[in-house]
Amino acid sequence: MDFDLFVIGGGSAGVRCARISAGYGAKVGIAEERHWGGTCVNIGCVPKKLLVQAGEYGGWAEDAAGFGWTIQKGPHDWGKLIAAKDREITRLEGIYRKLLTGAGATVFDGRAVFVDAHTVEVGGKRVTAKNIVIATGGHPERPDLPGAELGIVSDDAFYLKTMPKRLAIVGSGYIAVEFAGIFRALGAEVHLVYRQPLPLRGFDDDLREAMAEALTAQGIVLHPGCLPKKVEANGDRRILTFGDNETIDTDLVFFATGRHANVKGLGLEKAGVELNAKDAIKVDDGLHTTQPHIYAMGDVTDRVNLTPVATAEGHALADTLFGGNPRGISLRNVPSAVFTTPPVATVGLTEAQAAALGPVDVYVTRFTPMRHNLSGRARRSLMKLVVDKATQKVVGAHMLGEDAPEIIQGIAIAVVMGATKADFDRTIGIHPTAAEEFVTLRTRTRTTDLAQAAE
Ligand code: NDP
């Protein structure tokens, strides 16, 4: 065999797995056809957060007046922002590549496809490997409707030549609400068209209501309970028809309607690797595919599609195969955040999920952050704890508000450790912060049981 490990895909999962394995002395090859660092670094989390931060400056400039500043907010230069973002991404991509070569991995710039269960072809060359990892990620997909090709997807949003003045975003998952916030904060008129009554299906219901309120407060026009029907072009303009034949005449239609695993054209059938019902690669808890020496990880398995999960999987497999430390990772209590303005962050179970397992005590607080009593901005935070009634363990913590991702990361440690409400209560707060609310919630809002959860 040419390699102990060959990794297909140089994103979060693949790079981590290759780098750590090579560090253990394994002979590692890794192929990437597009950009090192994958979705997260190039067309996902990282550039998205830079765009969110760009929008925040506009808000800060407006809010400063309440604190005595006279700031004239000038126009925003989209081209300058995208150029700065591109420079940063190029820098990061270089670092990812260097990490691999520095660790001793052999890097292939090209698409790798299976020839058989131990052989891949990359750049016209055949290489063999004892173990193979598929970490090819996913891609955004447009819904199946007339004119869908006239709309953009998130990959395109990072490279728009000009800032749209008006746009309609379809969907209400992570990507839809994040980009709605970005474009609105940069001055666009934004419509969000989605089929659920509230955005962010799967999140806690109180959080979803608070999110709808926050999006509205930001000036985003919500169209809940609406299915998109078609997109038509009128010169450079786009007409989105949705719901009961309502229309939006706009500069841009943006489909944020979900992502799918990158499995096409990899020759999986030649390797004996099977897909699951979602057309993603089927894996067991040890990340084995249906072929025991071939593993898959990250978005291509469509389980918990988050970068830190992918990197944790990559690291765990490297430790298992070459580090003498066989281990898996837990997909329970994975914290996550949605970078809207203000953001949302969450760890553990929603109230409904927890109540389906047994009665829960629920603590909710809503308040205007201190800063906005002076800034005058209409912005309210929500913080919520879901506590198992029998054990008093905190099984869910949810927040919408400024710094929520920074706060919930710490709370997540307590939840993962199995902290009880009493542990939260005996922790002294840091004053004055929003975070201290999590340790000063004394009045139970309600108790929810199975029957109420079912409603
Ligand atoms: P999601 O699956 O989260 O959301 C897809 C949205 O599109 C939902 O609102 C869904 O509606 C809607 N939708 C799907 N199909 C159709 C259709 N045919 N017509 C109308 N609406 C439709 O996908 P995203 O693309 O937002 O994100 C993909 C994944 O990427 C996330 O699940 C997340 O794991 C990851 N991600 C994480 C981020 C973070 O951590 N901050 C940021 C961005 C992405 P419905 O709810 O009714 O199904």
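All values below were derived from every heavy atom in this structure, side-chain atoms included, with hydrogens, water molecules and symmetry-related copies excluded. Remember, it's 1-based here, ligands and their atoms both numbered in the order they're listed. Predicted model, so just to flag it, every value in this text is computed and none were measured.
- In this structure, Ser336 does not count as a contact residue of ligand 1, since none of its heavy atoms falls inside 4.0 Å of the ligand.
- Nearest to atom 18 (N) of ligand 1 by heavy atom, out of Gly171, Cys40, Ala148, Pro143, is Pro143.
- Looking at Arg142, Lys49, Arg195 and measuring to atom 22 (C) of ligand 1, the nearest heavy atom belongs to Arg195.
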For this session: Go through His223 and Tyr194 one step at a time and tell me if the ring-ring contact (aromatic ring centres under 6.0 Å, His included) criterion holds.
Result: CA-CA 6 Å; His223 303 272; Tyr194 53 99; 8.6 Å; no

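- Residue contacts with ligand 1: Asn305 is placed with a nitrogen or oxygen under 3.5 Å of a nitrogen or oxygen of the ligand (distance criterion only).
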Problem set entry | From CA spacing to verdict: salt bridge (charged side-chain N to carboxylate O under 4.0 Å, His left out), Glu209, Arg366 | CA-CA 12 Å; Glu209 273 175 32; Arg366 297 221 65 186; over 6 Å; no

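- Nearest protein heavy-atom contact of atom 2 (O) of ligand 1 is Gly258 CA, 4.2 Å.
- Of the candidates Pro308, Gly173, Ser154, Gly202, Gly173 brings a heavy atom nearest to atom 4 (O) of ligand 1.
- Annotation: Val170 places no N or O atom under 3.5 Å from an N or O atom of ligand 1; distance criterion only.
- The side chain of Leu306, and not its backbone, has at least one atom closer than 4.0 Å to an atom of ligand 1 (non-hydrogen atoms only; side chain from C-beta on).
- In this structure, the side chains of Thr90 and Arg87 stay at 4.5 Å or more apart for every pair of heavy atoms.
- The nearest heavy-atom contact from the protein to atom 48 (O) of ligand 1 is Arg201 NH2, 2.8 Å.
- In this structure, atom 47 (O) of ligand 1 lies nearest to the protein heavy atom Gln196 NE2, 2.5 Å.
- Here Pro228 has side-chain heavy atoms under 4.0 Å from ligand 1, and that is the only part of it that gets that close.
- Nearest protein heavy-atom neighbour of atom 41 (N) of ligand 1: Ala337 O, 2.7 Å.
- For His315 and Arg16, the side-chain atoms include at least one donor-acceptor pair closer than 3.5 Å.
- Across Arg377, Arg379, His372, a single residue satisfies side-chain hydrogen bond (donor to acceptor under 3.5 Å, both in side chains) together with Ser375, and that is His372.
- No more than 12 heavy atoms of other residues, nucleotides or ligands lie within 6.0 Å of NZ in Lys230, so this atom counts as exposed by the packing criterion.
- Across Val153, Val344, Thr257, heavy-atom proximity to atom 14 (C) of ligand 1 is greatest for Thr257.
- With atom 24 (P) of ligand 1 as the reference point, the heavy atom nearest to it among Ile169, Asp144, Ile175 is part of Ile175.
- Between Phe6 and Phe108, the ring-plane angle classifies as tilted under the 30° and 60° cut-offs.
- Here the options are Lys161, Arg237, Arg238, the test is salt bridge (Lys or Arg N to Asp or Glu O under 4.0 Å), and the partner is Asp251; only Arg237 passes.
- Within the cation-pi definition used here (under 6.0 Å to the ring centroid, within 45° of the axis), Lys73 does not qualify as a partner of Tyr57.
- Close N/O approach between Glu178 and ligand 1 is found [any backbone or side-chain N/O within under 3.5 Å].
- Residue contact annotation: Ser172 has a non-hydrogen atom under 4.0 Å from ligand 1.
- With Val394 as the partner, the side-chain contact (heavy atoms from CB on, under 4.5 Å) test is satisfied by one option alone out of Val415, Asp388, Ile411: Val415.
- At a 3.5 angstrom cut-off on N or O pairs, Ala256 counts as close to ligand 1.
- Annotation: Lys393, atom NZ; neighbour count of heavy atoms from other residues, nucleotides and ligands within 6.0 Å does not exceed 12.
- In terms of protein heavy-atom proximity, atom 29 (C) of ligand 1 is closest to Arg259 CD, 4.1 Å.
- Looking only at heavy atoms of the protein, atom 37 (C) of ligand 1 is closest to Tyr174 CD2, 3.3 Å.
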